[in-house]
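Since the structure comes first, as structure tokens, the remarks are kept for the end.
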Amino acid sequence: MTTFTKVSPYANEPFTDFSLEENKKAMQAAISKVKEELGREYPLYIGTEKVTTEAKITSINPGNVDEIIGYVSKADQALAEKAMNVALETFESWKKVPARERAEYLFKAAALMRARKHEFSALMLLESGKNYVEADVDTAEAIDFIEFYAREMIRLSEINETQPLVKIPGENNKLTYIPLGVGVIIPPWNFPLAICVGMTMAAVVSGNTVLLKPASTTPVIAHKFVALMEEVGLPAGVINFIPGSGAEVGDYLTTHPKTRFISFTGSKEVGLRINKLAADTVPGQIWIKRVVAEMGGKDGIVVDETADLNAAAAAIVASAFGFQGQKCSAGSRAIIVESVYDEVVEKVVALTNQLQSGLPELNYAAGPVIDKTSYERILDYIEVGKSEGTLLAGGGKAEGNGYYIQPTVFGDVSGKARIMQEEIFGPVLAIAKAKDWKEAIVMYNDTEFGLTGSYFSTNEERISEALDTVHCGNLYINRKCTGALVGVHPFGGFNMSGTDSKAGGYDYLLLFTQAKLTSRKV
Ligand SMILES: NC(=O)c1ccc[n+]([C@@H]2O[C@H](COP(=O)([O-])OP(=O)(O)OC[C@H]3O[C@@H](n4cnc5c(N)ncnc54)[C@H](O)[C@@H]3O)[C@@H](O)[C@H]2O)c1
Ligand SMILES: N[C@@H](CCC=O)C(=O)O
């Protein structure tokens, strides 16, 4: 590879405006095209080999459970071992590829994904149940991660020029960020393109080779990304695609002596398990495994009596019910000061009741939740909510040939209630009343999580105190608590929300590299 793309300053990928008929039509055309390709089989990628297994993951449309998205081959431990050996071998050559050259593969991939944006969004919409806007935002974020990390790797490779070390006479000193080795990439299903792409590309552009184990409900969109990387000419063996059972393949690779790092995004329970298993050293292991674990949230919005109450209500509803509340950033709690409680709650309920449930391909505001297990878990939580608060909206199943649940709101919930403390990961909002803004912040902080939060107020003194005391990785003032943008809002949480890796930020690639200092006497 000799000719490099001219690198422009990083800018976020614009979102598509679906109020324009031509954009809506373009998405509908992409959905029709993708539908013609449903039901295919997809292999594992192990180096140059495409491996088809008898055992398959069947991916279905959660909004229309009779529609099969695809059949994806499934790795077992023997295939995971084979992939590990290929990744180890490929690492020896990939780590020597100059950073600028590695970044070039990413620039090419971003350009191609941009050209096929609606096609990626359409497949994701059918496989995960996102509506047009949510799918478009996910694809845009995937493009952003690729563009951002490519530039970041170039920056890190030039750090000696841009941030020189202190000079002393008689020595030439240099810092180089070198890769770690073979990493296991374990993304969740809820940003099935953006997070899968971001986690994988960050590790790869840093010079590592990876074993990518996608989430079992969204393996087809993950495959589309892997095929794209093959198309741009990324050397075989850099990304090895091994869908499979988390418990079987995941545990095997987490405890493997040659695994150098694990990059995980998902639930607290699985994240803690990985962290624990990875902490044990096994025979043949010569390093401390690095674990990047981004986990769940019980995010909340605090509203005081000076706030713009219409804006606050709109933000509460958008944060609670965007993609059916299936975001780690979802505002599943609202804490409202007593004097404006009734007014805000009334607005929230009115806006919630406007959300219509239906097929993602018809672009309904409220689509299905991801699978039967989630569906049943969320419905159970709704029953718990009925004994912990006052049901104000929704409260059960919604119509449709899929996993549809009504956007549900509970009021008068105590801060200690289960629906205020546990991550439900579905369209369920719990609202609590606080005596005043100070108590509201204390209630917000009363959680084991610490991912996102919003504070609505027009009082500068209180905003200033909120900025200091609301304890979460991503704190927003007077806006919703979802929708972090790459490069603008580096993303990651405190406490049980994870290792605060700040995806889409300037520190992120450091997690996939190690700094080597060389000092030469002159
Ligand atoms: N903090 C963040 O940035 C962030 C972003 C997105 C989602 N999330 C969280 O992710 C969760 C939802 O995603 P999910 O349902 O896919 O989470 P999950 O923990 O069930 O699964 C995440 C991934 O881990 C795999 N896995 C399961 N068991 C494993 C094991 N023993 N070893 C290795 N891998 C294993 C799964 O197959 C999947 O690929 C929510 O808790 C959400 O808050 C966090
Ligand atoms: N980064 C996304 C959330 C990712 C987790 O689900 C947001 O900011 O809404």
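The figures that follow rest on heavy atoms only: side chains count, while hydrogens, waters and symmetry mates do not. In each ligand, atom 1 is the first atom listed, and ligand 1 is the first ligand listed. Residue numbers start at 1 and run along the sequence shown.
Comparing Ala484, Gly246, Cys328, Ala293 against atom 26 (N) of ligand 1, the shortest heavy-atom distance belongs to Gly246. Closest heavy-atom approach to atom 40 (C) of ligand 1 among the candidates Arg273, Glu269, Glu423, Lys502: Glu423.
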Table of N or O contacts for ligand 2, cutoff 3.5 Å:
{"unit_1": "ligand 2", "atom_1": "6 (O)", "unit_2": "Asn190", "atom_2": "ND2", "d": "2.8"}
{"unit_1": "ligand 2", "atom_1": "6 (O)", "unit_2": "Cys328", "atom_2": "N", "d": "2.8"}
{"unit_1": "ligand 2", "atom_1": "8 (O)", "unit_2": "Gly483", "atom_2": "N", "d": "3.2"}
{"unit_1": "ligand 2", "atom_1": "8 (O)", "unit_2": "Ala484", "atom_2": "N", "d": "2.8"}
{"unit_1": "ligand 2", "atom_1": "9 (O)", "unit_2": "Ser329", "atom_2": "OG", "d": "2.6"}
{"unit_1": "ligand 2", "atom_1": "9 (O)", "unit_2": "Gly483", "atom_2": "N", "d": "2.8"}

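Heavy-atom distances between Phe191 and ligand 1 stay at or above 4.0 Å for every pair. Proximity of Pro187 to ligand 1 is established by a heavy-atom distance of less than 4.0 Å.
For ligand 1, the polar-atom distance check against Gly266 finds a nitrogen or oxygen pair separated by under 3.5 Å. Between Ser267 and ligand 1, at least one pair of N/O atoms sits closer than 3.5 Å. Checking only distances, Trp189 does come within under 3.5 Å of ligand 1, N or O to N or O. Close N/O approach between Lys213 and ligand 1 is found [any backbone or side-chain N/O within under 3.5 Å]. The shortest N or O to N or O distance between Met295 and ligand 1 is under 3.5 Å.
Protein heavy atoms are absent from the 4.0 Å sphere centred on atom 21 (O) of ligand 1.
Between Ile301 and Phe456, some side-chain heavy-atom pair lies under the 4.5 Å cut-off.
Because its NZ or CZ atom is both nearer than 6.0 Å to the ring centre of Tyr476 and within 45° of the ring axis, Arg479 counts as a cation-pi partner of that residue. Phe191 does not carry Lys327 over the face of its six-membered ring by the limits of under 6.0 Å from the centre and within 45° of the normal.
Residue contacts with ligand 1, taken as heavy atom pairs separated by less than 4.0 Å, do not involve Thr217 at all. Contacts between Phe491 and ligand 1 below 4.0 angstrom, taking non-hydrogen atoms only, involve the side chain exclusively.
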